[in-house]
Amino acid sequence: MMTLVQWSAWLMVICCGLFAGVILTFQVERINLWARMPIEQFAVDFRRSVLRVDPMQPILGALACIGGGYFAWFSLGTPRLLAWVGVALLVVIVVASIVIAEPINSRFRRLPEGQLPDGAERYRIAWRRFHTARTIFTLAAFACCAGAVAASA
């Protein structure tokens, strides 16, 4: 029978892995395409993409933090340190996403499909830069969470 610490490790790694996978997929696949699309096409594609992903990502991040926090609380040494760093990075990512990315997302979501917010090109550039930084932090968070579990074995 698995203990709560083991279940929390699973929750942390699975949710953080899914969170990181979505972020990395956007970085590798969507960002490149969006940079080359005409701004009108970008507005439609961006709006559709964030409509699907926005509700899921904070939930995955929160579940990874809950699992990571529980795992860290009841672990010692390197696993504890790595789990806390992973949780801290996830918190920074989720908060920064709410503060920086979500206002940009909302500008596109609030308008009818195909309509551009004022300054759309500027928002596209800002979102791309933010997302690149977010990807780096997310991969570091996942590495810490996975490393915490590996170090505890």
Value rounded to 0.5 Å, distance of [atom1] in [X] from [atom2] in [Y]:
{"X": "C144", "Y": "L81", "atom1": "SG", "atom2": "CG", "answer": "8.0 Å"}
{"X": "R47", "Y": "D45", "atom1": "CZ", "atom2": "CG", "answer": "12.0 Å"}
{"X": "C16", "Y": "I93", "atom1": "SG", "atom2": "CD1", "answer": "7.5 Å"}
{"X": "N105", "Y": "I98", "atom1": "CG", "atom2": "CD1", "answer": "11.5 Å"}
{"X": "L11", "Y": "L4", "atom1": "CG", "atom2": "CG", "answer": "11.0 Å"}
{"X": "F108", "Y": "R48", "atom1": "CZ", "atom2": "CZ", "answer": "14.5 Å"}

If hydrophobic clusters are built from ILVMFWY residues whose side chains come within less than 4.5 Å, do [X] and [Y] share one?
{"X": "W34", "Y": "I104", "value": "yes"}
{"X": "V50", "Y": "I31", "value": "yes"}
{"X": "V91", "Y": "L60", "value": "no"}
{"X": "L82", "Y": "F137", "value": "no"}
{"X": "F26", "Y": "L139", "value": "no"}

Side-chain H-bond candidate by donor/acceptor type, S106 with R109, under 3.5 Å: yes
Pair E102, S97: side-chain N/O donor-acceptor within cut-off below 3.5 Å: no
F130 atom CZ: more than 12 heavy-atom contacts under 6.0 Å: yes
Flag if over 12 foreign heavy atoms under 6.0 Å of CG, N32: yes
Can you find a heavy atom in the side chain of [X] that is under 4.5 Å from one in the side chain of [Y]?
{"X": "L18", "Y": "V22", "result": "no"}
{"X": "I23", "Y": "Q27", "result": "no"}
{"X": "W10", "Y": "F71", "result": "no"}
{"X": "L116", "Y": "L111", "result": "no"}
{"X": "H131", "Y": "T135", "result": "yes"}
{"X": "L90", "Y": "F19", "result": "yes"}
{"X": "T138", "Y": "L24", "result": "no"}
{"X": "R30", "Y": "M37", "result": "yes"}

Heavy atoms only: give me the nearest [X]-[Y] pair and the separation to one decimal.
{"X": "A83", "Y": "A72", "result": "CB-CB, 3.6 Å"}
{"X": "V99", "Y": "P103", "result": "O-CG, 3.3 Å"}
{"X": "M12", "Y": "A148", "result": "CE-CB, 4.4 Å"}

Mutual orientation of the aromatic rings belonging to F74 and Y70 [parallel < 30°, tilted 30-60°, perpendicular > 60°]: tilted
Ring geometry between W127 and F46 (parallel below 30°, tilted from 30 to 60°, perpendicular above 60°): perpendicular
Check against side chain to side chain contact (heavy atoms under 4.5 Å, CB included), V44 and Q41: CA-CA 5 Å; V44 170; Q41 185 182 358; 5.9 Å; no
Aromatic contact, F42 with Y123 (centres under 6.0 Å): no
Test item: Q6 side-chain N/O and T3 main-chain N/O as donor-acceptor pair under 3.5 Å: yes
Evaluation steps, side chain to side chain contact (heavy atoms under 4.5 Å, CB included), between W73 and S8: CA-CA 11 Å; W73 189 263; S8 68; over 6 Å; no
